[in-house]
Amino acid sequence: MRRYDVTIGRASQAIRAGSWVHEKLLEMPAARTLEALPMATVTPAPQPPLEGYTFEGYRNPDGSVGTRNLLAITTTVQCVAGVVAHALQRIRDELLPQYPNVDGVVALEHSYGCGVAIDAPDAVIPIRTLRHISLNPNFGGEVMVVSLGCEKLQPERMLPPGTITLMPGAPQTPDLVRLQDDKHVGFQSMISSILEAAEQHLERLNRRRRETVPASELVVGVQCGGSDAFSGVTANPAVGFAADLLVRAGATIMFSENTEVRDAVEQLTSRAATPEVAEAIVRELGWYDRYLERGRVDRSANTTPGNKAGGLSNIVEKAMGSIVKSGRMPIAHVLAPGEKLRRDQRGLVFAATPASDFICGTLQLAAGMNLHVFTTGRGTPYGLAACPVVKVATRSDLARRWHDLMDLNAGQVADGAKSIEELGWELFHLLLDVASGRRTWAEQHRLHNSLVLFNPAPVT
């Protein structure tokens, strides 16, 4: 059985023409080994640069650009989540109305920080993820931390001196509220300290204004979830076309989801810009193979009941439809989980992450994503508080039923109303508009999922 010009399985029994081909009728091929792969063997035809495209963004002290102007409150441990949630509501109700140029306040809540093997080798992944999310371009260089005091992940370990470039006029160390400090007498004392610190950050953020910046300042993460058989036919190819346009405009595109590209590994390594990039792809996918082996699972555990009901027969078919989100440009860089893009790392980037929607989104935020594209065929209300999420429906029926949740209907491709190229250009312009302040449906409804850290280290 072939799809996308790739063998996705062999029929285990006779299949009547026109009937549903599903996983119970197929023997899935083994994943290709990570040896003897084509390494940087394909050189895509050069494309002319796209010049003159801009958006209205917020320039940051470190040179990055935000698409939103948000106050983020970083937490070092889950223990403080309830206190921070209470403070956030007070900030929204009492302070934000006084600062109209600030788009909102975000709590970087997570389940890490204590009861973990903080010195285990793999603990570097969640620690650097939290560090780098705190420095996301949409937070404007303002770093505010709420700590309990006794946790394993101490603030200075999460944000060591010299790791941040702060707003002009800001304290030169992270602004820290530690709840166990002797000065806090009662709950209201803690809340007052958080509000007082927040107000100083809000005053500086409120002085910021959008300015015209080149499209090259976009860092766009692409992802798919709640996928169906149309994902690789309509939405993902349109995203891939838009990704190529953005790379030609000098922007950065991140694609991810290890298990959803693993069966297309030779396509990745052959498209690598250099042999060193190809080797980095092999390194990251090999690490993840071993991670799955330790858990006694394999890549076939990826497809969900909804994926299967939507017509995806197995992970091989899903992978071939998923990888087209990356477009056709050379893969210029590779990031390990939790790593942050440098300013000189532009173009198409493979950010190695698990395929979980929430973990992938969290790691792409840590990498420096300032805009997110999410395709879906089954439908999902997924959203991120730290970054606008543009949702692309694979089918017109989903776009009609979820008319106030989907931002773009790629089902028009299957309907014959638009070509992939036309829809790709439409998405390209939509992304520039959203980067300039146009609110997505998820933003209008305030649909935000919690951060989910990838922690392969032991929990003690």
Side-chain angles (χ1 to χ4, degrees), residues 49-72 96 99-106 135-142 167 202 204-223 238-239 241-254 341 343 346-347 361 364-365 367-375 382-392 404-410 422-448:
L50 286 181
E51 299 176 342
Y53 289 97
T54 63
F55 68 99
E56 301 300 306
Y58 295 96
R59 285 204 175 274
N60 295 320
D62 65 356
S64 66
V65 173
T67 62
R68 296 295 182 266
N69 188 28
L70 298 165
L71 170 62
L96 276 182
Y99 301 101
N101 296 318
V102 180
D103 294 319
V105 57
V106 177
L135 308 177
N136 185 274
N138 289 342
F139 303 150
E142 293 286 338
M167 283 273 285
L202 289 169
R204 288 190 291 271
L205 288 170
N206 196 56
R207 291 196 288 268
R208 287 155 56 82
R209 297 292 185 274
R210 290 187 182 272
E211 58 183 277
T212 302
V213 295
S216 59
E217 297 296 347
L218 285 177
V219 181
V220 182
V222 299
Q223 190 184 354
V239 170
F241 187 86
D244 288 346
L245 296 177
L246 286 162
V247 171
R248 289 170 57 192
T252 300
I253 302 295
M254 287 186 290
L341 280 163
R343 288 283 295 160
R346 294 178 182 265
Q364 288 186 340
L365 284 173
M369 171 175 71
N370 57 18
L371 189 60
H372 201 27
V373 179
F374 193 100
T375 69
Y382 170 92
L384 296 170
C387 178
V389 178
V390 175
K391 302 276 261 310
V392 183
D404 53 0
L405 289 167
M406 298 292 113
D407 300 291
L408 186 65
N409 175 22
E422 289 171 329
L423 199 74
W425 272 107
E426 185 176 346
L427 176 59
F428 175 80
H429 289 291
L430 174 60
L431 292 176
L432 294 176
D433 288 345
V434 170
S436 300
R438 174 176 169 177
R439 292 197 301 165
T440 66
W441 280 117
E443 288 182 292
Q444 292 183 51
H445 297 311
R446 296 185 180 180
L447 299 177
H448 303 145

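Below, all heavy atoms of this structure are taken into account, side chains as well, without hydrogens, waters or symmetry copies.
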Worksheet item: With a 4.0 Å cut-off, would you call Arg343 and Glu217 a salt bridge?
Response: yes
Item to complete: Measure the shortest side-chain to side-chain distance between Leu135 and Ser64 over non-hydrogen atoms and say whether it is less than 4.5 angstrom.
Response: no
Worksheet item: Can you check whether Asn136 reaches Cys387 side chain to side chain, under 4.5 Å on heavy atoms?
Response: no
Worksheet entry | Whether Phe374 and Tyr382 hold their rings parallel, tilted or perpendicular, with breakpoints at 30° and 60° | parallel
Worksheet entry | Residues Glu56, Thr212; criterion side-chain contact (heavy atoms from CB on, under 4.5 Å); working and verdict | CA-CA 5 Å; Glu56 301 300 306; Thr212 302; 2.6 Å; yes
Worksheet item: Do Leu384 and Met369 come close enough that some side-chain heavy atom pair is under 4.5 Å?
Response: yes
Practice prompt. List the atom of Leu405, the atom of His445, and the distance in Å for their closest heavy-atom pair.
Written response: CD2-CD2, 4.1 Å
Worksheet item: Taking the side chain as C-beta and beyond, is there a heavy-atom pair between Val105 and Leu202 under 4.5 Å?
Response: no
Practice prompt. Evaluate the criterion side-chain contact (heavy atoms from CB on, under 4.5 Å) for residue pair Leu218 and Tyr53; output intermediate values, then yes/no.
Written response: CA-CA 11 Å; Leu218 285 177; Tyr53 289 97; over 6 Å; no
Worksheet item: Heavy-atom distance under 4.5 Å between the side chains of Arg210 and Phe55, does that happen here?
Response: no
Worksheet entry | Modelled atom types, side-chain donor and acceptor of Asn60 and Arg208, under 3.5 Å | yes
Worksheet item: Looking at side-chain heavy atoms only, is the closest gap between Arg209 and Glu211 below 4.5 Å?
Response: no
Fill in: Minimal non-hydrogen separation, Leu431 against Val390, with atom names
CD2-CG2, 3.8 Å
Practice prompt. Would you indicate whether the side-chain heavy atoms of Trp425 and Phe241 approach each other to under 4.5 Å?
Written response: yes
Worksheet item: What's the verdict on side-chain contact (heavy atoms from CB on, under 4.5 Å) for Leu430 and Arg438, showing C-alpha distance, side-chain angles and the deciding distance?
Response: CA-CA 9 Å; Leu430 174 60; Arg438 174 176 169 177; 3.6 Å; yes
Worksheet item: With Val220, which of Val247, Leu371, Thr67, Val239 fulfils side chain to side chain contact (heavy atoms under 4.5 Å, CB included)?
Response: Leu371
Worksheet item: Would you say the side chain of Leu341 lies within less than 4.5 Å of the side chain of Met254, judging by non-hydrogen atoms?
Response: yes
